[in-house]
Novice: 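The structure follows.
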Amino acid sequence: MDIKAHLAALFRTALAGVSPEAADAEVLIERPRDPTHGDFACNLALQLAKRLKKNPRQLAQQLAGALPADARIASIEIAGAGFINIRLAPGALQGAVARVLAQGAAYGRARAAQPQQVMVEFVSANPTGPLHVGHGRQAALGDALAALLEAQGHAVTREFYFNDAGAQIQNLALSVQARAAGVAPQDAGWPADGYRGEYIEEIARNFAAAGGKAGDLEAVRQFAVAALRKEQDADLQAFGVAFDVYYLESSLYTDGRVESAVKALVASGKTYERDGALWLRTTEYGDDKDRVVRKSDGSYTYFVPDVAYHLTKWERGFRKVVNVQGTDHHSTVTRVRAGLQALGLGIPSGYPDYVLHNLVKVVRGGEEVKISKRAGSYVTLRDLIDWVGRDAVRFFLVSRRADADFVFDVDLARSRSDENPVYYVQYAHARVCSVFSQWGGDAGGLAAAPLDSLHGPRESALLQRLAEFPELLATAAHELAPHSIAFYLRELAGEFHSYYNAERILVDDEAARTARLALCAAVRQVLANGLALLGVSAPERM
RNA sequence: GCGCCCGUAGCUCAGCGGAUCAGAGUAUUGGCCUCCGAAGCCAAGGGUCGUGGGUUCGAAUCCCGCCGGGCGCGCCA
């Protein structure tokens with residue numbers, strides 16, 4: 001058991017002795033920011049003072065007195081309004097190193113109490129153009145989230161929903177057809193909502209070169225979709241993201257799921273006819289207005305395949321589903337959930353989960369970059385990877401809260417200096433590797449090394465940091481917040497760099513040297529484990 | 001107009017189930033390589049946490065109003 005859970009258990013025992021009537025209170029053990037306050041703190045007395053009508057400091061005193069004796073606790077003191085500060089015995093934290101070294105790449109992972117089949121759906125770009133930076137943010141977030149949930153013991157499926165059935169595909173085909181016929185966006189005959197990027201012309205050229213006839217719109221459509229899908233796949237591969245399933249929207253029509261979804265909605269009794277259209281009472285499920293299911297011309301709105309699609313997720317056995325989308329789609333959240341509710345199948349009202357991310361602004365040379373030559377109107381993921389490299393793009397895009405606005409500073413991500421957080425973390429990893437190659441010994445034997453000498457303040461900080469990694473991952477997974485991994489890695493790397501600068505690792509004294517090497521090996525392992533979750537490499541040299 | 005999200009140091013952002021939460025990076029300034037990688041470390045200055053109320057012994061954190069910014073409000077997808 002890690003030390004924090006252990007302390008919490010001790011406090012629960014103390015609480016049961018002091019105030020059995022409050023035994024249900026939640027015991028929170030925190031790490032004070034200020035190390036002079038000790039290694040851990042508990043604010044239980046402050047929490048309960050009012051409820052028990054007692055003076056917080058007195059209560060703290062009683063709790064501290066009732067704490068079972070424990071060899072790992074060096075001192076207890078009451079501070080401030082009623083905090084109980086705990087200082088650990090020097091050896092208490094050293095177990096973290098052995099745990100890290102014993103578990104290796106598995107350190108930080110958990111065995112879920114109830115393993116679930118989990119789906120993360122992300123990117124899901126329309127096949128009408130190259131992936132843009134927003135897709136990049138989704139890819140970075142979604143893939144990290146999927147890895148995080150896997151690390152919690154779940155069986156995760158990464159899925160890409162492929163919108164290959166809508167009107168936008170028709171526009172794509174018409175655009176390519178126009179280009180193939182020599183019509184440019186500024187010309188009179190250009191389709192009304194045509195795609196204007198240079199990639200359209202490129203596809204048209206390749207289509208012609210392959211012997212395609214511009215008059216055959218269906219042939220144009222198939223060729224264009226295949227070309228763009230291939231390009232998106234190449235971009236995702238370059239980004240290090242792989243999907244388990246590509247789900248085709250068109251298949252929902254061909255296998256009758258769209259039709260059966262409509263029937264199910266009608267059968268539920270939540271629909272009505274008005275103005276020649278079929279409506280669903282989504283307002284009964286929190287929507288601000290009812291939604292059209294079947295238009296007066298007999299065709300369905302996009303809402304129907306959306307419901308049909310999410311129903312397949314449920315039917316395929318995914319009881320936890322996370323959709324990663326841009327906030328520009330947030331209005332679909334209520335609608336999709338409402339549609340699933342209306343089916344009357346007992347699907348929970350909060351199904352599926354959503355992680356909505358704000359849009360990305362790209363800045364270069366102090367100015368916003370808006371136009372990509374290639375795509376015509378947006379900066380592509382490929383542009384970004386070409387400019388700054390895959391590791392930097394992934395680290396940057398995943399290192400902010402999803403709902404925060406994001407300014408991607410190209411110059412910062414490009415810099416190979418101390419300005420760059422990616423290199424900062426990777427450098428810490430490479431530095432440890434460098435120490436090990438200098439040493440030349442066998443790291444395998446370090447797991448059993450005696451660690452008594454690791455009790456300096458910097459060493460204690462590192463030990464605590466290593467020890468909290470599993471809990472950090474659990475919290476990040478629960479909150480669907482992979483950005484906290486990036487922040488954790490930055491802190492761990494920082495503490496390592498401080499330690500490295502203050503203390504020599506390869507000292508003459510063998511016991512001390514071995515202990516320090518073991519600590520370094522553990523740091524390296526956790527850095528590598530964290531970076532792996534983010535899809536960022538952990539280089540041995542840079 | 002309505003709904004959702006955001007407003008924290010010059011800049012980019014953490015913290016937001018209240019207390020030991022005024023933080024990090026960067027930028028600026030000053031130090032540290034005859035010694036394991038200076039892509040590093042140490043130190044200093046810099047913020048009434050958009051604003052006004054409320055709840056509380058205690059609010060960046062919870063509630064309400066307002067201001068500023070983003071997104072969404074189609075029988076488009």
Side-chain angles (χ1 to χ4, degrees), chain A residues 26 28 30-38 41-43 46-47 49-50 56 79-83 85 126 128 163 165-171 193 249 274-279 287-289 291-303 305-306 326-334 356-359 361 363 366 396 399-409 412 415-428 430-439 483-484 486-487 490-491 493-494 496-507 513 516-517 520 541-542:
Chain A
E26 190 178 11
L28 287 174
E30 296 170 329
R31 258 186 83 181
R33 183 171 295 268
D34 183 348
T36 64
H37 291 135
C42 182
N43 70 348
L46 288 158
Q47 265 187 62
K50 187 190 312 193
F83 290 94
N85 290 338
N126 290 338
T128 55
N163 292 93
Q168 77 279 12
I169 295 295
Q170 186 69 5
N171 279 334
D193 297 313
E249 181 188 4
R274 195 179 77 200
D275 304 330
L278 182 70
W279 298 71
D287 206 354
D288 50 8
K289 60 180 79 165
R291 301 294 165 178
V292 170
V293 172
R294 188 177 61 241
K295 299 185 258 183
S296 50
D297 69 1
S299 65
Y300 298 125
T301 59
Y302 73 97
F303 169 59
D306 251 15
T327 52
D328 52 339
H329 289 100
H330 75 247
S331 64
T332 68
V333 175
T334 323
L356 300 177
H357 65 87
N358 271 355
L359 274 44
K361 183 162 93 172
V363 171
F396 268 59
S399 66
R400 303 276 191 277
R401 266 165 64 223
D403 58 4
D405 294 323
F406 194 105
V407 176
F408 194 106
D409 186 332
L412 177 62
S415 75
R416 292 177 176 264
S417 69
D418 52 359
E419 305 160 39
N420 196 323
V422 192
Y423 291 119
Y424 186 84
V425 175
Q426 290 183 322
Y427 182 56
R431 237 180 177 177
V432 177
C433 292
S434 175
V435 172
F436 274 90
S437 68
Q438 182 87 14
W439 174 52
H483 75 275
S484 54
F487 279 87
R490 169 90 226 166
E491 308 254 312
F496 172 73
H497 286 310
S498 289
Y499 177 56
Y500 181 89
N501 269 74
E503 308 286 347
R504 194 176 163 77
I505 311 299
L506 299 175
V507 290
R513 184 176 66 235
R516 291 176 187 188
L517 282 165
C520 288
R541 60 186 57 188
M542 300 168 63

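Order of the sequence lines fixes the chain letters, A, B, ..., with proteins taken first and strands second; residue numbering starts at 1 for each chain. Nothing here was measured: the structure is a model prediction, and the numbers come from that model.
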Novice: Which whole number of Å gives the distance between the P atom of B:rG65 and that of B:rU26?
Specialist: 40 Å
Novice: Go through B:rG40, B:rC36, B:rC13 for me and flag the one nearest to the A:I505 side chain.
Specialist: B:rC36
Novice: Is the distance from the ring center of A:H357 to that of A:F406 below 6.0 Å?
Specialist: no
Novice: Under 3.5 Å for both pairing distances: what stems, at least three Watson-Crick or G-U pairs long, include RNA chain B?
Specialist: B:1-7 with B:67-73, B:10-13 with B:23-26, B:28-32 with B:40-44, B:50-54 with B:62-66
Novice: Answer with base, sugar-phosphate or nothing: what part of the nucleic acid does A:F83 contact at a heavy-atom distance below 4.0 Å?
Specialist: base
Novice: What does A:D306 touch in the nucleic acid at a heavy-atom separation under 4.0 angstrom: a base, only the sugar-phosphate, or nothing?
Specialist: nothing
Novice: So for A:S434 and B:rG37, does any side-chain atom that can act as donor or acceptor lie under 3.5 Å from a complementary atom in the base?
Specialist: yes
Novice: Got a donor-acceptor pair under 3.5 Å from the side chain of A:N85 to the base of B:rU20?
Specialist: yes
Novice: Does a side-chain N or O from A:R513 land closer than 4.0 Å to OP1 or OP2 of B:rC36, or not?
Specialist: no
Novice: Judged by atom type as modelled, is there a donor-acceptor pair below 3.5 Å linking the side chain of A:R513 to the main-chain atoms of A:V507?
Specialist: yes
Novice: A:R504 side chain: which of B:rC36, B:rC5, B:rC73 is closest?
Specialist: B:rC36
Novice: For A:G494, does its backbone N or O pair with a side-chain atom of A:S498 as donor and acceptor, under 3.5 Å?
Specialist: yes
Novice: Quick one: do the A:T327 and A:N358 side chains pair a donor with an acceptor below 3.5 Å?
Specialist: yes
Novice: A:D409 has an atom CG; how far is it from atom C1' of B:rC11, in whole Å?
Specialist: 9 Å
Novice: Given B:rC75, B:rU12, B:rG40, identify the nucleotide with an atom nearest to the side chain of A:R400.
Specialist: B:rU12
Novice: If each of A:Q438 and A:R291 is mapped to the nucleotide of RNA chain B with the nearest heavy atom, which maps nearer the 5' terminus, i.e. the 5' end?
Specialist: A:Q438
Novice: Please tell me which of A:L506 and A:W279 maps to the more 5' nucleotide of RNA chain B, matching each residue to the nucleotide holding its nearest heavy atom.
Specialist: A:L506
Novice: Within the structure provided, determine whether A:N163 and A:Y302 are in side-chain contact (heavy-atom separation under 4.5 Å).
Specialist: no
Novice: Between the base of B:rC75 and the side chain of A:S296, is there a donor-acceptor distance below 3.5 Å?
Specialist: yes
Novice: In terms of side-chain heavy atoms of A:N358, which of B:rC41, B:rC5, B:rG15 is nearest?
Specialist: B:rC5
Novice: Is the shortest side-chain N/O distance from A:R274 to OP1 or OP2 of B:rC75 below 4.0 Å?
Specialist: no
Novice: Can you tell me how far P of B:rC5 sits from NZ of A:K361, to the nearest Å?
Specialist: 22 Å
Novice: Ignoring the backbone of A:D403, work out which of B:rU12, B:rA39, B:rC5 is nearest its side chain.
Specialist: B:rC5
Novice: Any idea which of B:rA19, B:rC71, B:rC6 is nearest the A:N43 side chain?
Specialist: B:rA19
Novice: So for A:Y427 and B:rA39, does any side-chain atom that can act as donor or acceptor lie under 3.5 Å from a complementary atom in the base?
Specialist: no
Novice: Quick one: the side chain of A:H329 and the base of B:rG72, do they pair up donor-acceptor inside 3.5 Å?
Specialist: no
Novice: How long is the line joining CD of A:E491 and P of B:rG40, in whole Å?
Specialist: 16 Å
